[in-house]
Amino acid sequence: QVQLVESGGGLVQAGGSLRLSCATSGSIFSISDMGWYRQAPGKQRELVARITRGGSTNYVDSVKGRFTISRDNAGNTVYLQMNMLKPDDTAVYYCNAHQYIPVLGTHDFWGQGTQVTVSS
């Protein structure tokens with residue numbers, strides 16, 4: 001079973017920076033994509049950034065130019081560097097790992113989340 005542990009959240013003023021980390025363990029050989037999602041109070045969960053084994057990345061429009069996702073494939077650790085933070089970025093951020101196992105199919109694993117709060 002894949003286990004994900006997030007860290008790096010906290011309280012920061014608008015314009016500041018935070019770096020989130022997600023460390024994986026367990027049966028990680030079958031993981032393909034990894035990403036960061038967030039959920040703000042009263043809102044649906046949304047994909048923030050995603051990265052593949054080959055390094056291809058995708059971002060939600062609202063964070064382009066401010067956030068950068070990276071991945072240590074050897075260590076199976078994914079990072080989210082968040083710069084120029086805005087109050088609208090306030091949310092619980094979740095790490096996601098997408099897994100594919102032949103015959104069994106696909107499965108997604110989630111971390112327990114880390115709180116990011118941006119004050120104005």
Side-chain angles (χ1 to χ4, degrees):
Q1 185 177 7
V2 174
Q3 296 177 339
L4 308 177
V5 179
E6 302 111 327
S7 62
L11 174 64
V12 66
Q13 292 187 355
S17 298
L18 286 173
R19 182 179 174 87
L20 305 183
S21 299
C22 176
T24 67
S25 63
S27 301
I28 60 177
F29 60 89
S30 59
I31 294 176
S32 55
D33 300 349
M34 294 189 68
W36 289 95
Y37 292 72
R38 68 185 180 186
Q39 186 166 17
K43 298 182 179 180
Q44 294 185 358
R45 184 189 65 186
E46 68 173 349
L47 174 67
V48 178
R50 180 172 58 86
I51 188 168
T52 68
R53 285 286 189 181
S56 179
T57 59
N58 292 99
Y59 300 91
V60 66
D61 287 343
S62 61
V63 308
K64 289 181 178 178
R66 301 188 297 118
F67 291 10
T68 303
I69 188 171
S70 60
R71 183 177 183 176
D72 180 354
N73 289 321
N76 294 106
T77 302
V78 66
Y79 306 92
L80 185 66
Q81 179 66 46
M82 305 185 294
N83 299 324
M84 297 176 287
L85 283 162
K86 305 175 181 179
D88 287 346
D89 296 319
T90 296
V92 178
Y93 285 71
Y94 297 92
C95 183
N96 167 264
H98 185 68
Q99 180 187 63
Y100 171 73
I101 302 177
V103 179
L104 295 180
T106 61
H107 190 75
D108 286 281
F109 295 91
W110 298 89
Q112 60 185 353
T114 183
Q115 176 71 48
V116 172
T117 303
V118 184
S119 62
S120 60

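Atom set for the values below is all heavy atoms of this structure, side chains included, hydrogens, waters and symmetry mates excluded.
- Here the closest non-hydrogen pair linking G113 and E6 is N-OE1, 2.9 Å.
- Of all the heavy atoms in Q81 and S17, the pair that sits closest is NE2-CB, 4.0 Å.
- To the nearest 0.5 Å, atom CG of residue L20 and atom CE of residue M82 are 3.5 Å apart.
- Note: the hydrophobic cluster containing L80 does not contain V92 (ILVMFWY, side chain heavy atoms under 4.5 Å, direct or indirect links).
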Working note: V60 + E46, criterion side chain to side chain contact (heavy atoms under 4.5 Å, CB included); need CA distance, chi angles, decisive distance, verdict. CA-CA 8 Å; V60 66; E46 68 173 349; 4.1 Å; yes
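- Between the CG atom in N58 and the NZ atom in K64 there is a gap of 8.0 Å [rounded to 0.5 Å].
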Can you check ring-ring contact (aromatic ring centres under 6.0 Å, His included) on W36 and F67, steps first, answer last? CA-CA 11 Å; W36 289 95; F67 291 10; over 10 Å; no
Intermediate values then yes/no, side chain to side chain contact (heavy atoms under 4.5 Å, CB included), D33 and R53: CA-CA 6 Å; D33 300 349; R53 285 286 189 181; over 6 Å; no
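- Interatomic distance, K43 NZ to T90 OG1, rounded to the nearest 0.5 Å: 9.5 Å.
- Of all non-hydrogen atoms in A14 and S120, the two that sit nearest each other are CB-CA, 4.4 Å.
- Within the model, atoms OG of S56 and CZ of R71 stand 12.0 Å from one another, a figure rounded to the nearest 0.5 Å.
- The SG atom of C22 sits 12.0 Å away from atom CG of D72, with the distance rounded to the nearest 0.5 Å.
- Counting heavy atoms from C-beta outward, L85 and N83 have side chains that stay 4.5 Å or more apart.
- For the pair R38 and Y93, the NZ or CZ position fails the cation-pi test of under 6.0 Å to the six-membered ring centre and within 45 degrees of the ring normal.
- Taking all atoms of both residues into account, the shortest heavy-atom contact from M34 to L4 is CE-CD2, 4.4 Å.
- Note on I31: it does not cluster hydrophobically with Y37, by side-chain heavy-atom contacts below 4.5 Å among ILVMFWY residues.
- V48 and Y94 fall into different hydrophobic clusters, defined by Ile, Leu, Val, Met, Phe, Trp and Tyr side-chain heavy atoms under 4.5 Å apart, directly or through other members.
- Hydrophobic clustering of Ile, Leu, Val, Met, Phe, Trp and Tyr side chains at less than 4.5 Å, counting indirect connections, unites V78 with L18.
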Could you walk me through whether T106 and D108 pass side chain to side chain contact (heavy atoms under 4.5 Å, CB included), step by step? CA-CA 7 Å; T106 61; D108 286 281; 5.8 Å; no
For Q99 and F109, what are the C-alpha separation, side-chain angles and deciding distance, and is it a side chain to side chain contact (heavy atoms under 4.5 Å, CB included)? CA-CA 8 Å; Q99 180 187 63; F109 295 91; 3.2 Å; yes
Derivation of the salt bridge (Lys or Arg N to Asp or Glu O under 4.0 Å) call for D89 and K86: CA-CA 5 Å; D89 296 319; K86 305 175 181 179; over 6 Å; no
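- Ring pair Y100/H98: centre-to-centre distance not below 6.0 Å.
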